[in-house]
2 protein chains.
Amino acid sequence: MTITQLYYVLAVAEHQNFTKAAEKCFVTQPTLSMQIQKLEDQLDVQIFDRSKKPIELTEVGKKIVTQARNIVNESYRIQDIVDQQKGFIGGEFKLGIIPTIMPTLLPMFLKTFIKRHPKVKLKIEELTTEEIIARIKDGHLDAAIAATPLEDENIKERVLYFEPFVNYIPKNHKLYGKEKIDSTDLEIEDMLLLEDGHCFRDGVINLCKVFKDHIDDKFQLESGSIETLIKLSNEGLGMTLLPYLHTLDIHEKEKENLHYFNDPPPAREVSIIYHKSELKMQIIEALQDTISGIIRGAIAFQDVKIISPLPK
Amino acid sequence: MTITQLYYVLAVAEHQNFTKAAEKCFVTQPTLSMQIQKLEDQLDVQIFDRSKKPIELTEVGKKIVTQARNIVNESYRIQDIVDQQKGFIGGEFKLGIIPTIMPTLLPMFLKTFIKRHPKVKLKIEELTTEEIIARIKDGHLDAAIAATPLEDENIKERVLYFEPFVNYIPKNHKLYGKEKIDSTDLEIEDMLLLEDGHCFRDGVINLCKVFKDHIDDKFQLESGSIETLIKLSNEGLGMTLLPYLHTLDIHEKEKENLHYFNDPPPAREVSIIYHKSELKMQIIEALQDTISGIIRGAIAFQDVKIISPLPK
DNA sequence: ATATTTTTATAACCTAAATTTATAAACATG
DNA sequence: CATGTTTATAAATTTAGGTTATAAAAATAT
């Protein structure tokens, strides 16, 4: 069994056609036929059902393809390791970003980064913290941007910036009259929260110092996006908290509803996180440099009180 | 880059010696020299520092080895998928067993297992829990039988049985007169223990609720086998604890020294443990079935109090 | 149906790569 | 400095991967 054979299997599985797959692999069709037959002989199992047109995978074939993809992808990482050693900044890079950071941060740094490092092919995916941690561990993500600290010994963190929370309080709310808010003013009962699974939700709950168990039944009003939260709040359904960067591009009229915290404001720590193996570290550092440089101009709070993003 | 080349790299990295590594791979030494050189040329990087004696990995080399191990292990899974599909239970299987389980459990299930699954080539090794965990993680063991729970997120456990502790109290001992022993009766000071590194030792220490640090100086009398422990105890050097299965085949005369615990008796949890990747799962399940079936007739305690095998 | 095109398998051949044997060079050790 | 050990190199051999040519099978068009 060779990596090449597995690669051929992937190509045929994808194109469902030996001839087209051969072209994609830059070899002739008999090469694929023979190599795949050889692999099937060695394993003594049919990977493809050639009676079906177009060709289909057998049941075992599907499992083999999944594993073959794994192996082929992992083999690419050997070259990545060498690139890193040589300080070569390029190649594919898979970055995860949590939903409450994505829409505000990405537009700020993406253009600058791809201009500065044109050889890097960024693939960005929006994922929850939980998904991000799993994918960093299994190697499907090279790095991610998330709220920290995560206290996971397999994952390293480099702080990019601290982002204070800002109160968004609609006019009918009892706290609206108060200019500056103290964290002790907050009551979890009339706070709009993101749906379960978002670490920003957990951060807010931690800020209110309520155990997660206690609030579950009291709250059904939950949303997946901060934009929706603002709209629900405008409808008088309660106050909410916004990450600072989100307050920069809300409508003029809605800005009247922003109430800042007393110093030091509660804040979330936003970091670039990656596997402790430090694969593709040169690209991670390039991202860190670009983002930190840009954020330095946008956020200028001195002292903040960091809130944990972890549940409970 | 081929899987074979990566496998050669792993062998040299492990043995720190081309000649020995070549033997383990069943090829000649020049094969390794040339293939590894070729890989180094293609990647344009040194994997090994040949100036050091014995040979060492370079910094990149270490990272490459980690990834190579990944790839080679994942490649084994292809054959595993085929075996599972065919319901084939066979091939080499490396099983580790801790010393305090080996002599009693192995004779009970080995004959039945090899009769039931003649195509499996079992390679059994006696190892401490610590060694077992390391070897399951680096792929040198397929599974092991040990006291659990281990609380290691890379290792999965399936409980085989609960084995109560039984007091072995020589005639001169102050507790000899007591028919049934309570765990609060135990005093670590006159208890004979296995030498350091055995999880059964740690289990007993946990049962006596003493911190490990406190007893180190008080005790030099330590043995590596339970047989020796019994003999030392007969000499009047103190009482000891035996795992239940060990009490089944001691001499008639010595059985008088056995004193059972009050219900529920303290017990160790014995499990078959394996890597979370679940390679060769069909053989693991075959082992589990055989052992559980046999033990069901030998141990019939209802309620037990499980003692942790972990130190401290 | 039959011819034509498309697709996969097989055969013969070629080339490149993996491996072996033999040997040289480098290194450590007594 | 001689000796044993270890790694590298060279030449020869075997094996594996690849190509071209072609046959067989299947799908499509006539």
Side-chain angles (χ1 to χ4, degrees), chain A residues 1-58 60-62 64-65 68 71-72 75-76 78-79, chain B residues 1-58 60-62 64-65 68 71-72 75-76 78-79:
Chain A
M1 181 175 64
T2 67
I3 295 173
T4 309
Q5 284 172 345
L6 298 178
Y7 184 72
Y8 291 165
V9 168
L10 292 184
V12 174
E14 187 183 343
H15 298 97
Q16 296 192 301
N17 178 310
F18 278 72
T19 313
K20 280 173 196 159
E23 281 170 30
K24 292 282 176 182
C25 295
F26 303 106
V27 290
T28 58
Q29 166 267 316
T31 301
L32 286 205
S33 284
M34 292 171 92
Q35 287 305 315
I36 288 177
Q37 269 182 54
K38 196 173 148 189
L39 181 62
E40 288 179 323
D41 286 352
Q42 281 175 357
L43 296 174
D44 192 28
V45 79
Q46 286 291 110
I47 297 171
F48 294 101
D49 181 348
R50 294 166 174 77
S51 71
K52 301 270 178 57
K53 303 284 158 166
I55 280 178
E56 274 181 26
L57 284 164
T58 60
V60 220
K62 286 178 192 164
I64 289 175
V65 161
I71 294 168
V72 170
S75 77
Y76 292 148
I78 298 273
Q79 184 62 56
Chain B
M1 182 174 66
T2 66
I3 295 173
T4 309
Q5 285 172 344
L6 298 178
Y7 183 73
Y8 291 164
V9 168
L10 291 184
V12 174
E14 186 183 342
H15 298 97
Q16 296 193 303
N17 179 312
F18 278 72
T19 314
K20 282 173 196 158
E23 281 171 30
K24 293 281 175 184
C25 295
F26 303 106
V27 290
T28 58
Q29 166 266 315
T31 300
L32 287 204
S33 284
M34 291 172 93
Q35 285 307 312
I36 289 177
Q37 270 182 53
K38 194 176 150 188
L39 181 61
E40 288 179 323
D41 286 353
Q42 280 175 357
L43 295 174
D44 194 26
V45 80
Q46 285 291 111
I47 297 171
F48 294 101
D49 181 348
R50 294 165 174 79
S51 69
K52 301 268 178 58
K53 302 284 155 162
I55 278 178
E56 275 180 25
L57 284 164
T58 60
V60 220
K62 287 178 192 164
I64 289 175
V65 161
I71 294 168
V72 171
S75 77
Y76 292 149
I78 297 273
Q79 184 61 56

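The shown structure was predicted, so the numbers you read here are calculated from the model rather than taken from an experiment. We name chains A, B, ... by the order of the sequence lines, and we start the count at 1 in each one.
Contact annotation: the side chain of Leu57(A) never approaches that of Ile64(A) to less than 4.5 Å [non-hydrogen atoms, C-beta and beyond]. Contact of the Gln46(A) side chain with the Val60(A) side chain is not registered, since no non-hydrogen atoms from C-beta on lie closer than 4.5 Å. In this structure, Ile71(B) and Ile78(A) have side chains that are in contact, with non-hydrogen atoms separated by less than 4.5 Å. For the pair Val27(A) and Tyr8(A), the minimum side-chain heavy-atom distance is below 4.5 Å.
Considering only side-chain atoms of Phe18(A), the nucleotide from dT8(C), dG18(D), dT19(C) that sits closest is dT8(C).
Residues from residues 39-51 of chain A with heavy atoms under 4.0 angstrom of DNA chain C, sorted by number: Arg50(A). DNA chain D lies under 4.0 Å from at least one heavy atom of each of the following residues of residues 26-34 of chain B: Gln29(B), Pro30(B), Ser33(B).
Among residues two or more places apart in sequence or in another chain, the salt bridge (charged side-chain N to carboxylate O under 4.0 Å, His left out) test is passed with Lys62(A) by Glu59(A). By the side-chain contact (heavy atoms from CB on, under 4.5 Å) test, Ala21(B) is found to be paired with Ala11(B), Val12(B), His15(B), Leu32(B), residues two or more places apart in sequence or in another chain being considered. By the salt bridge (charged side-chain N to carboxylate O under 4.0 Å, His left out) test, Asp41(B) pairs with no residue at all, sequence neighbours left out. Residues meeting the salt bridge (charged side-chain N to carboxylate O under 4.0 Å, His left out) test with Glu23(B), sequence neighbours left out: none.
Summarising the geometry, the separation between CD on Glu23(B) and P on dT6(D) is reported as 9 Å, rounded to the nearest angstrom. Rounded to whole Å, atom C1' of dA9(C) lies 17 Å from atom OH of Tyr8(A). Rounded to whole Å, atom P of dA16(D) lies 15 Å from atom CD1 of Ile3(B). Following rounding to the nearest Å, Asn17(A) (CG) and dA26(D) (C1') show an atom-to-atom distance of 13 Å. Atoms CD (Gln5(B)) and C1' (dT19(C)) sit 13 Å apart, rounded to a whole Å. In this structure, Ile36(B) atom CD1 and dT6(D) atom C1' are separated by 14 Å, rounded to whole Å.
Between Glu40(B) and Arg50(B), at least one side-chain nitrogen of the basic residue sits less than 4.0 Å from a carboxylate oxygen of the acidic one, meeting the salt-bridge criterion.
The shortest distance between the side-chain N/O atoms of Thr19(A) and the OP1/OP2 oxygens of dT8(C) is below 4.0 Å.
Ranked by how close their nearest DNA chain D nucleotide is to the 5' end, Lys20(B) and Gln37(B) are led by Lys20(B). Each of Gln16(B) and Thr2(A) has a nearest nucleotide on DNA chain D; the 5'-most of these lies closest to Gln16(B).
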